[in-house]
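Take a look at the structure set out below.
Order of the sequence lines fixes the chain letters, A, B, ..., with proteins taken first and strands second; residue numbering starts at 1 for each chain.
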Number of protein chains: 2
Amino acid sequence: MFQVIGERINTSRKKVQAAVADRDAEYIREDVKKQQEAGADFIDVNAGARIGHEKEDMKWLLNTIQPVAIVPLCLDSPDPAILEMAYGMVDRTPMINSISLEKDRFDTMMPFLKGKECKIVALCMDDDGMPLSSDDIVARAQKLVKELESIGLKQDDIYIDPLVQPISTDSTKGNMVLDAVRQIKKQYPKVHITGGLSNISYGLPERKIINRTFVTLMMDAGMDSAIIDPLDSKIMATIRTADMLLGRDNFCMTYLKGVRSGVIKS
Amino acid sequence: MFQVIGERINTSRKKVQAAVADRDAEYIREDVKKQQEAGADFIDVNAGARIGHEKEDMKWLLNTIQPVAIVPLCLDSPDPAILEMAYGMVDRTPMINSISLEKDRFDTMMPFLKGKECKIVALCMDDDGMPLSSDDIVARAQKLVKELESIGLKQDDIYIDPLVQPISTDSTKGNMVLDAVRQIKKQYPKVHITGGLSNISYGLPERKIINRTFVTLMMDAGMDSAIIDPLDSKIMATIRTADMLLGRDNFCMTYLKGVRSGVIKS
């Protein structure tokens, strides 16, 4: 089944930022509970938006969330010092968001990850910027898998983000990433594919239908995780339906549960 | 771009049957116009439901529709005598719906099709019934293509219907048809894949979200046509969006047109 990384606890979201600034634990806990009820498999926690406060905000967020968390957290920061603190605070093996091939990030994240038990989001980004072709994405994924395996991570713990790019600027950007995902999953069946989806619709109107049609295509190609808002019931309904159609929902049980709960509607 | 075969002019639909019985030309013409405005590439015409009246009903329907038809018709009958009459009445090269490998239908349709200029829907059905595996679908498609080519039809005029089966009875039925479509399109890139979609959701609630998520998956596999209701704006929006994401909509023009007309909504 598809793994949903709930993206809502991020201080770049206005209400979350206000709740963090006010130390409004109730607001944060309610949001986490709602994401879990809606089917989040991980709760992403990003405290990066209040400049100069990331460490204390992350600490407060983790202390606030842990008592209500029933799924693992996804610790989202570019700063290994903050990740080190966060890693020490969590009860369950976390996901780390993220490493990339950009030299600075790579060089600081590799020593942090070495020997740790965790899942890792690995972005197909390097110092040349975004990938320019399917082959480019695949080559970057190969490099990431090889490097992460070399420090002891298992393929099943690696979540490759192929970096979705806007279809509005170039009509081949959809097929580019779909082809790459197919190739990566063929070469590494245990490696997961994740990422944000909304870049695909950047610059176009009615973005949500684009995002949810795209997740269907990406799931067919092999994407088995995404960083999304689990309270967006239309994208969750699409994901549950696609899982069923792709043979990953025995007896349609998850689909039928979604219909009964009112999330899945025609 | 995806080719939509508009399914509404079918006497098995109550309102159409009443309009045909009453010889209500205005009703029929309005329906055809609406389907065309919504993007139908063919108008299916099926007069089979009033037992004993098929020939006269088909004749009346064609005479009624022709003056407003701006797209070709899809002549939908199992009876070659009726198809022969209908074929002689239409202005544009029609689609014929359908031939199959069932001995009776095959033996009557082959002489009818021989030497005719037309497009043909070819069902992967034989006297053993529905196909039981991907390989079974592919083998039937191969046989249909071979036979139809032998009487002069071009691959580009053949629309294979792989026969979608309910996911509720067997969770592998989605992948079965998706895999088959991939194989058929790989072997015959010019052959089209069409068919009804709604069988996939038979026996399940909230069927429309299943149908439109499924068409997205089928389009990724290679389906480039379907027999649907073009006035179902949600499935049309999904088809236009998937076409764009699969790189078949230059500058997102059809998508943007759909947004402006109000058909495509998040």
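In this structure, the side chains of A:Lys265 and B:Ile209 stay at 4.5 Å or more apart for every pair of heavy atoms. The side-chain heavy atoms of A:Ile167 and B:Asp249, taken from C-beta on, include no pair separated by under 4.5 Å. Side-chain contact check for B:Ile210 versus A:Met244: some heavy-atom pair is nearer than 4.5 Å. Side chains of B:Leu178 and A:Leu246 form a contact here, defined as non-hydrogen atoms less than 4.5 Å apart.
With a threshold of 4.5 angstrom between heavy atoms, B:Arg248 does not approach chain A through any atom at all. Residue B:Lys173 does not touch chain A at all, counting heavy-atom pairs closer than 4.5 Å. Of the atoms belonging to B:Met176, not a single heavy atom falls under 4.5 Å from chain A. Neither the backbone nor the side chain of B:Arg260 comes within contact range of chain A, judged by heavy atoms closer than 4.5 Å. Heavy atoms closer than 4.5 Å to chain A are found in the side chain of B:Tyr255, but not in its backbone. For B:Thr172, no part lies under 4.5 angstrom from a heavy atom of chain A. At a 4.5 Å heavy-atom cutoff, A:Arg240 makes no contact with chain B through either its backbone or its side chain.
Test B:Leu245, B:Thr216, B:Thr241 against A:Phe214 for side-chain contact (heavy atoms from CB on, under 4.5 Å) and you get one pass: B:Leu245.
Taking B:Ile200, B:Leu204, B:Asn250 one by one and counting their heavy-atom pairs under 4.5 Å with chain A, the maximum is reached by B:Leu204. Most heavy-atom pairs under 4.5 Å with chain B, from the set A:Val259, A:Asn211, A:Asp170, A:Leu217: that is A:Leu217. Chain A forms the most heavy-atom pairs under 4.5 Å with one residue out of B:Pro205, B:Ala242, B:Ala221, and that residue is B:Pro205.
When all heavy atoms of A:Thr238 and B:Thr213 are compared, the closest pair comes out as O-CG2, 4.1 Å. The nearest pair of heavy atoms linking A:Cys252 to B:Ser168 is SG-CA, 4.1 Å.
Heavy-atom contacts from other residues, nucleotides or ligands closer than 6.0 Å to NZ of B:Lys208 number 12 or fewer.
Taken to the nearest 0.5 Å, the CG atom of B:Asp220 stands 10.5 Å off from the CE atom of A:Met218.
In this structure, A:Arg212 contributes its side chain and B:Ser266 its backbone to a donor-acceptor pair below 3.5 Å.
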